[in-house]
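Note that the coordinates shown come from a computational prediction; the quantities given were computed from them, not determined experimentally. In what follows, every chain begins at residue 1, and chains take the letters A, B, ... in the order their sequences are listed.
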There are 2 protein chains.
Amino acid sequence: METVTDAALADTLREAGLKVTEPRVAVLTALTDIPHSDADTIFGAVLPSVPGTSLQAVYGVLAALTTAGLLRKIEPAGSSALYERRTGDNHHHIVCTECGAVRDVDCVVGHAPCLTPSDAGGFTVQVAEVNFWGVCPDCQTALTQTSAD
Amino acid sequence: METVTDAALADTLREAGLKVTEPRVAVLTALTDIPHSDADTIFGAVLPSVPGTSLQAVYGVLAALTTAGLLRKIEPAGSSALYERRTGDNHHHIVCTECGAVRDVDCVVGHAPCLTPSDAGGFTVQVAEVNFWGVCPDCQTALTQTSAD
DNA sequence: GCAGTTGTTTTGAATAACTCAAGACAACTT
DNA sequence: AAGTTGTCTTGAGTTATTCAAAACAACTGC
């Protein structure tokens, strides 16, 4: 049913110099549907379409695709590693402290204040990793209703 | 020898409403000497002065002190949790991708651009976690010399 | 279309960081 | 000095992740 998408993903893999395999396409498909997923979640999403696969295979695929630049790995404090397909632009993330939901946060366009620390102490800064922590709209509602009881 | 410091640390603990124990003072002392240390490193530093202690005890102390606000826990992607005594001010960190060295980076005083994402998507932002990645001066030197061979 | 080569996946086990639980023990209170 | 409360010790367990070797499949050239 989603052959078109699969073909596009196959091209994406080929362009990155990677062999096109079922698990890899399935992982990319899963991450297109549910971004910011951890290895276990991806494994669960992939399992129906690739019955014989294993969690280790997913780890292998994720590592290969991350190395190839097709995936970005984010590791918020306290959670396991999450993966997303949006690479290249350097956007950040906001994590809900209540439910763990993750959402993309675009950096201010035009200048990147986060990338220029006031004093790097002689370090050569290469990348900035920015994670915001807060409460998502759903959990705000839930919390308000609870306190209103 | 460092009784003065120990007494000060004891007061710090007491003011936080915590009981003053040898392991706790030792952990605070260790983190005063070597900030940005992980549990295992702290354990190693504490062991000589508290012979009968264990890694689990260190974890327990670190958790208690972090909850009490005496310690800040930082978790850079890919490494284990690190602890430091500098709390209250919201400074950030830069991690060397070569050797793992960590250094404090003060946020730009006056305004905190990193704390105000362009679009939080309805999230209520509470804290921003910023980690820079780069190469420390020592490793820069080492890399330059290697490539000059 | 078919065999070869290279790289990927499967299978199984191992590691590291961290957490949990129960009893022994020590710090502060009166 | 004794009691209470909270802390530490000891030991085991959990989870995310990685490593290694053999089976297997994808792209190449014939």
Side-chain angles (χ1 to χ4, degrees), chain A residues 6-7 9-30 36-44 46-47 49-68 70-71 73-83 100 102, chain B residues 6-7 9-30 36-44 46-47 49-68 70-71 73-83 100 102:
Chain A
D6 283 5
L9 294 176
D11 284 348
T12 304
L13 284 166
R14 241 182 292 269
E15 284 165 19
L18 294 167
K19 286 188 178 171
V20 179
T21 67
E22 226 184 326
R24 286 178 176 176
V25 174
V27 165
L28 284 178
T29 302
H36 312 125
S37 301
D38 60 26
D40 200 60
T41 303
I42 295 167
F43 173 56
V46 158
L47 199 48
S49 48
V50 191
T53 198
S54 64
L55 183 56
Q56 289 87 327
V58 172
Y59 273 110
V61 169
L62 290 172
L65 299 193
T66 302
T67 303
L70 261 49
L71 253 39
K73 181 184 188 179
I74 58 176
E75 297 177 74
S79 12
S80 37
L82 307 178
Y83 295 84
V102 178
Chain B
D6 283 4
L9 294 177
D11 285 346
T12 304
L13 285 166
R14 240 181 293 270
E15 284 164 19
L18 294 167
K19 286 187 178 172
V20 179
T21 67
E22 228 185 325
R24 288 179 176 177
V25 174
V27 165
L28 284 178
T29 303
H36 311 127
S37 301
D38 60 25
D40 201 59
T41 303
I42 296 167
F43 174 57
V46 159
L47 200 48
S49 49
V50 191
T53 198
S54 64
L55 184 55
Q56 289 88 325
V58 172
Y59 273 111
V61 170
L62 290 173
L65 299 192
T66 302
T67 303
L70 261 49
L71 253 38
K73 182 184 188 179
I74 58 176
E75 298 177 72
S79 14
S80 38
L82 307 178
Y83 295 84
V102 178

What's the shortest heavy-atom distance between [X] and [Y], and which atoms?
X	Y	result
Ala81(A)	Glu75(A)	CB-CG, 3.9 Å
Val58(A)	Ala39(A)	CG1-O, 3.8 Å
Val61(B)	Pro23(B)	CG2-CB, 4.1 Å
Ala30(A)	Ile42(A)	CB-CG2, 4.4 Å
Leu82(A)	Pro76(A)	CD1-CG, 4.2 Å
Ala10(B)	Val20(B)	O-CG2, 3.5 Å

Under 4.0 Å between a side-chain N or O of Thr53(A) and OP1 or OP2 of dT9(C)?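 Checking dT9(C) against Thr53(A), no side-chain N or O comes under 4.0 Å of OP1 or OP2.
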
With sequence neighbours excluded, tell me which residues meet side-chain contact (heavy atoms from CB on, under 4.5 Å) with [X].
X	result
Ala57(A)	Thr53(A), Ser54(A)
Thr41(B)	Ile34(B), Ser37(B), Asp38(B)
Ser49(B)	Ala26(B)

Spacing of Leu65(A) atom CG relative to dT9(C) atom C1', expressed in whole Å: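 Going from CG in Leu65(A) over to C1' in dT9(C) covers 13 Å.
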
The contact string for nucleotides 17-30 of chain C, one letter per nucleotide 5' to 3', using protein heavy atoms under 4.0 Å with B, S and - for base, sugar-phosphate only and none, comes out as SBBB------BS--

If you walk 5' to 3' along DNA chain D, what is the first nucleotide with an atom under 4.0 Å of a heavy atom in chain A, and what is the last?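 First and last nucleotides in contact are dA16(D) to dC27(D).
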
For residues Leu28(B) and Leu71(B), determine if any side-chain heavy atom of one lies less than 4.5 Å from a side-chain heavy atom of the other.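 When only atoms from C-beta onward are counted, Leu71(B) and Leu28(B) do touch, with a gap below 4.5 Å.
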
Just report the end-to-end axis angle for the helix from dG1(C)-dC30(D) to dT30(C)-dA1(D), five pairs per end, to 10 degrees.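 It works out to 40° between the end axes.
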
